[in-house]
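Numbering of residues begins at 1 and proceeds along the displayed sequence. Quick note: numbers below take in every heavy atom, side chains included, and nothing from hydrogens, waters or symmetry partners. All ligand and atom numbering here is 1-based and tracks the order in the structure.
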Amino acid sequence: MAIDFDRIHDRRNSDSLKWSDSSGKNAIPMWVADMDFAAPECVTQALRERIGKDVFGYAIATKDVRQAAVAWAESHYGWRIDPEWIVWLPGLVPGIHLACRTLLNSEDEVLTPVPVYPPFLTGPRAEGRALRTVRLQQENDRWVLDADELRRAIHPQTRLLLFCNPHNPVGKIFGRRELTAIAEICRRHDLLICSDEIHCDLLLDPGRHVPFASLGREIADRTVTLMSPSKTFNLSGLSCGFAVISNPELRERFRAATGDLVPHPNVFGYVACQAAYEKGEGWRLELLEYLRGNRDLLESFFAERVPGLKVSHVEATYLAWIDTRALGEKVGAGFFEEAGIRLSGGIPFQGPGFVRLNFACPRQTLQAALEKIAAAVRGIA
Ligand SMILES: Cc1ncc(COP(=O)(O)O)c(C=O)c1O
């Protein structure tokens, strides 16, 4: 491996949200979804060059950055998009809000499978849209969205499916067959889809990401796809993402609502996005190898050393969704923080009885955290 993902970057007492420690517990942070790895050198180099130009006025998305996003979609997912379909965003959470605000009338409802990344739950409500949920089911070691459950959850006012693929927090990849079945249900019930695909370049199991909107013209016409280089290349602090909307009417509604309220990405976000998409593929492939190693270590560690906690197989993302129910109610995020590991609690995801662990860190850090988890669980046995 040419990239040293084992290198420890000391992020304590820095500007890092993940490593900020207001509780003073000094726990290993494995909560918010950013990685403890340096960005690809091609990105850092491009940023340095841009800083060298000295002037930092308002920026636009250049033809080159738009072309980089288009070329990435075609080479990675075989998905042909027109640069005109892209609406740039400073983050995908604003994209979730905009979708709820602009695609729906006030009486329309949103449906989302749970557990899920919390802004899927708070966003629709903040935009004044009622929210219904449908529970993902566990079949053996796989998470599934049962088609009958999905159909039953759709009510006459349901108008938008808020969808996450690959899925945060359960780490599932929805493949072509599952997506086609979901798309057919959406078509029959005349639903629009907001498909957040921010984790789509982080597939750990074999396969190729299938964008929801790539399933066909009719589905593309009712879909807003949210994408970003931020998770893949660890660029979240640079605030750059985009929506792909092929339907001109939906796109204009969405774009118009960005208005004065949602800023454009900053100049460094665009620069980093272009560099990552144009030159970051080698880095990404090495990252995936490293994350697979961490995922395998974590899954076998839990199976062998902490059988009371069940981790479902992580097909994609760097987030493990851990079932703590067998150990009782007191084993949650608070319990683990006392034991020196900061995890995300399941309740904001509508996943009580679970915690989420971010394993995108040097292996040594992961090993230390796993030992702390094992010791804490031994302590209650
Ligand atoms: C599914 C999903 N969407 C959106 C985001 C956040 O995106 P942004 O930082 O671009 O707002 C995350 C971050 O973890 C995420 O997991």
Side-chain angles (χ1 to χ4, degrees), residues 15-18 29-36 39 69 86-101 110 112-124 126-127 133 136 143 145 161-174 193-204 209 211-212 224-244 258 261-266 268-270 272-273 276-277 291 314-321 342-346 348-351 354-361:
D15 56 12
S16 161
L17 169 66
K18 184 181 182 184
M30 311 190 94
W31 60 294
V32 67
D34 87 17
M35 307 196 276
D36 291 325
I86 299 177
V87 182
W88 293 90
L89 295 167
L92 297 199
V93 172
I96 293 169
H97 282 254
L98 286 170
C100 294
R101 184 182 294 196
V110 179
T112 197
V114 290
V116 77
Y117 176 60
F120 278 50
L121 304 168
T122 51
E127 296 302 330
T133 58
L136 293 166
W143 287 90
L145 178 56
L161 177 68
L162 196 47
F163 192 65
C164 188
N165 182 34
H167 192 274
N168 173 6
V170 305
K172 174 187 172 60
I173 302 170
F174 286 89
I193 300 110
C194 175
S195 185
D196 179 333
E197 303 182 10
I198 196 169
H199 296 280
C200 70
D201 298 314
L202 296 170
L203 304 197
L204 304 181
H209 173 66
F212 205 100
V224 168
T225 307
L226 300 176
M227 290 188 157
S228 165
S230 65
K231 294 292 159 206
T232 319
F233 296 100
N234 209 25
L235 308 175
S236 304
L238 291 173
S239 303
C240 181
F242 53 94
V244 181
T258 59
L261 197 60
V262 182
H264 295 285
N266 74 51
F268 299 113
Y270 285 130
C273 177
Y277 282 160
L291 291 177
V314 186
E315 300 170 356
T317 79
Y318 47 76
L319 306 165
W321 188 236
R342 186 166 175 200
L343 305 178
S344 302
F349 296 78
Q350 279 201 18
F354 286 77
V355 288
R356 194 191 72 174
L357 184 155
N358 169 353
F359 57 82
C361 58

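Of all non-hydrogen atoms in Leu343 and Trp31, the two that sit nearest each other are C-CB, 3.9 Å. Across Pro115 and Leu136, no two heavy atoms sit closer than the pair O-CD1, 4.1 Å.
Taking CG of Leu162 as the reference point, atom CD1 of Ile193 lies at 11.0 Å (rounded to 0.5 Å).
In this structure, Phe212 has its ring center under 6.0 Å from that of Phe163.
Within the 4.5 Å cutoff, no side-chain heavy atoms of His167 are placed close to those of Trp143.
For Ser230, the side-chain hydrogen bond (donor to acceptor under 3.5 Å, both in side chains) partners are Ser228, not counting sequence neighbours.
Ligand 1 lies under 4.0 Å from heavy atoms of Ala33, Gly91, Leu92, Val93, Tyr117, Cys164, Asn168, Asp196, Ile198, His199, Lys231.
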